[in-house]
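First up is the structure itself, then whatever we jot down about it.
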Amino acid sequence: MKPRALIVAAAIVAVAALPAAAFDLNINKLLDVVGKATQLREVGEAEEYEIGAGVSSNLLGASPLVNDPRVQKYVNAVGRWVALQTERPDLAWHFGVLDTYSVNAFATPGGYVFVTKGLVMRLNNEAELAGVLAHEIAHVVQKHHLKAIQKNAMTGIGVDVATMFADKRGRYTSQIDQVTSFGTELLARGLDRGDEFEADRMAVVIATRAGYNPYGLPAVLQMLEALKTADSNQTALLFKTHPAPRDRLDALELAMAPALDRYADQAVLDARFVQATGSLR
Amino acid sequence: MNRCTAWILALALAAGAAWAADTATLVKDSELKAEPFADAKTLAELPRNASVEVVKRQGAWVQVKGDRGQGWVRLLALRYGSGPAASGSSGSEAGGLFSFLGGRPRPSSPTVATGVRGLSEEDLRNTRPNPRELDRMRANAVPAADARKFADAAKLHPTDVKYLAEGGSR
């Protein structure tokens with residue numbers, strides 16, 4: 001815990017021991033902090049984008065991009081097409097393949113989406129890639145990370161609320177570093193399980209809207225389930241931050257049938273995928 | 001290449017792969033259907049945990065072979081690989097459903113991966129910003145108009161589909 005947070009915690013303890021009048025006074029102050037925190041609910045797109053850029057820059061510090069413009073362009077084309085089928089088609093979407101053998105995918109606020117080389121090289125076709133990207137895109141559409149950051153600010157764990165909202169005009173952009181730092185922490189910590197299941201349910205629909213076979217993501221989850229015992233080195237972070245593939249498949253099975261059956265003969269596009277990503281293997 | 005040819009090719013490739021004879025487990029009691037349709041004739045009732053041999057996949061259905069004969073079950077009723085209690089029984093990456101979705105034979109594990117430590121929790125906690133790499137990422141962005149052309153080239157047509165309710169709609 002940072003010093004300021006400690007002071008706030010100490011203040012709360014002190015408040016509890018004070019007589020009623022003083023308590024009222026201090027509770028007003030505390031409510032004021034909460035009031036400012038709720039202002040964060042109205043994060044504009046510009047701020048969201050700035051937070052996302054900061055977290056993405058940190059992620060890229062941990063793993064650079066695969067140095068192959070052709071692969072990067074291909075994944076951007078698939079991702080942008082898939083993102084166009086969502087409620088946020090005009091966001092400045094960016095997609096990147098990280099140069100690591102780890103099997104994982106990430107999203108940050110503002111439309112930055114990452115997938116690792118280790119995952120892409122284990123996929124078989126564009127429908128599977130679309131399913132993975134659609135899952136990450138769903139996190140951005142639902143602002144899952146942004147909401148987790150806000151929730152965290154409200155409870156004061158991790159981000160120092162006192163300094164975060166020190167600006168009297170209610171601006172928090174000067175505290176962007178702290179928000180960015182917690183956003184990066186979230187990549188290591190993971191989202192709520194409910195957010196992951198929701199992203200799965202949305203992903204199969206988004207990929208289907210884009211013209212792909214709805215079973216791309218389930219196919220990837222089947223692969224991950226089989227991989228779980230085989231290659232723990234490269235999957236540790238993924239499995240720490242996500243529900244077990246088996247549970248995700250169970251949830252999808254309940255949600256998907258029979259609504260998406262009629263789309264089960266939509267495109268998988270293996271030839272285009274293999275051609276575009278062949279350099280990774 | 002039309003869709004039909006693609007499927008035939010995919011299935012042929014899958015059949016040629018080393019893991020052709022996949023086994024899978026049913027995660028719930030399932031009807032073994034004569035054809036890959038919900039209203040097709042039911043050949044048998046397969047119990048949960050029944051082990052079946054996977055023949056091929058078609059749409060949302062998988063053709064399987066077992067004690068009760070050959071037929072079709074729902075794709076998501078199957079789980080591949082080793083279950084939690086039976087870890088190690090399947091050493092390699094099981095082919096499973098994904099070998100049917102794409103059917104491209106490939107090495108069972110990446111050639112260079114062994115012993116390489118990947119992107120870890122610690123890497124994320126100890127990272128420093130890399131703005132140069134972020135600029136590179138931005139430079140790769142594909143405009144919406146180009147993405148539409150890219151989709152068009154593969155005959156990907158947008159469809160109107162509603163989001164799914166948790167646990168399904170019925």
Going from [atom1] on [X] to [atom2] on [Y], what distance comes out if it is rounded to the nearest 0.5 angstrom?
{"X": "B:Thr127", "Y": "A:Leu187", "atom1": "OG1", "atom2": "CG", "value": "10.0 Å"}
{"X": "A:Asp99", "Y": "B:Glu133", "atom1": "CG", "atom2": "CD", "value": "9.0 Å"}
{"X": "B:Leu134", "Y": "A:Leu59", "atom1": "CG", "atom2": "CG", "value": "10.0 Å"}
{"X": "A:Phe114", "Y": "B:Met137", "atom1": "CZ", "atom2": "CE", "value": "3.5 Å"}
{"X": "B:Glu166", "Y": "A:Leu254", "atom1": "CD", "atom2": "CG", "value": "9.5 Å"}
{"X": "B:Asp123", "Y": "A:Asn58", "atom1": "CG", "atom2": "CG", "value": "12.5 Å"}

Give, as side chain, backbone, both or neither, the part of [X] having an atom under 4.5 angstrom from any heavy atom of chain A.
{"X": "B:Ala38", "result": "neither"}
{"X": "B:Arg125", "result": "side chain"}
{"X": "B:Val161", "result": "both"}
{"X": "B:Arg132", "result": "neither"}

Please classify the contact between [X] and chain B as side chain, backbone, both or neither, with a heavy-atom cut-off of under 4.5 Å.
{"X": "A:Ala77", "answer": "both"}
{"X": "A:Leu238", "answer": "neither"}
{"X": "A:Val204", "answer": "side chain"}
{"X": "A:Asp200", "answer": "neither"}
{"X": "A:Tyr263", "answer": "side chain"}
{"X": "A:Ala92", "answer": "neither"}
{"X": "A:Leu60", "answer": "both"}
{"X": "A:Glu198", "answer": "neither"}
{"X": "A:Leu84", "answer": "side chain"}
{"X": "A:Asp250", "answer": "both"}

Side-chain ion pair, B:Glu121 and A:Arg189, N-O less than 4.0 Å
no

Salt-bridge test for A:Arg80 and B:Asp146: reply yes if a basic N is under 4.0 Å from a carboxylate O, no otherwise.
no

Tell me the closest heavy-atom pair linking [X] and [Y], and the distance in Å.
{"X": "B:Ala141", "Y": "A:His94", "answer": "CB-CD2, 3.7 Å"}
{"X": "B:Pro158", "Y": "A:Gln85", "answer": "CB-OE1, 3.6 Å"}
{"X": "A:Glu126", "Y": "B:Phe150", "answer": "OE2-CE2, 3.8 Å"}
{"X": "B:Leu156", "Y": "A:Gly211", "answer": "CD2-O, 3.6 Å"}
{"X": "A:Ser63", "Y": "B:Leu119", "answer": "CB-CD1, 4.2 Å"}

Under the side chain to side chain contact (heavy atoms under 4.5 Å, CB included) rule, what do B:Leu164 and A:Leu252 come out as? Steps first, then yes or no, please.
CA-CA 9 Å; B:Leu164 304 168; A:Leu252 273 182; 5.5 Å; no

Using a 4.5 angstrom heavy-atom cutoff, name the option from B:Arg148, B:Arg138, B:Lys28 with the most pairs to chain A.
B:Arg138

One option among B:Leu124, B:Leu78, B:Val27 has the most heavy-atom pairs under 4.5 Å with chain A, and it is B:Leu124

Between [options], which has the largest tally of heavy atom pairs under 4.5 Å with chain B?
{"options": "A:Ser57, A:Ala188, A:Pro89", "value": "A:Ser57"}
{"options": "A:Leu237, A:Val205, A:Leu280", "value": "A:Val205"}
{"options": "A:Pro214, A:Ala210, A:Gly79", "value": "A:Ala210"}
{"options": "A:Ala53, A:Ala251, A:Ala244, A:Gly61", "value": "A:Gly61"}

Taking [atom1] in [X] as the centre, count heavy atoms belonging to other residues, nucleotides or ligands within less than 6.0 Å. Is the count above 12?
{"X": "B:Gln70", "atom1": "CD", "answer": "yes"}
{"X": "B:Lys41", "atom1": "NZ", "answer": "no"}
{"X": "B:Asp67", "atom1": "CG", "answer": "no"}

Testing A:Val71, A:Val75, A:Asn76 one by one against B:Asn140 for a side-chain contact (heavy atoms from CB on, under 4.5 Å), which residue passes?
A:Asn76

Any donor-acceptor pair under 3.5 Å linking the side-chain atoms of A:Glu87 with those of B:Tyr163?
yes

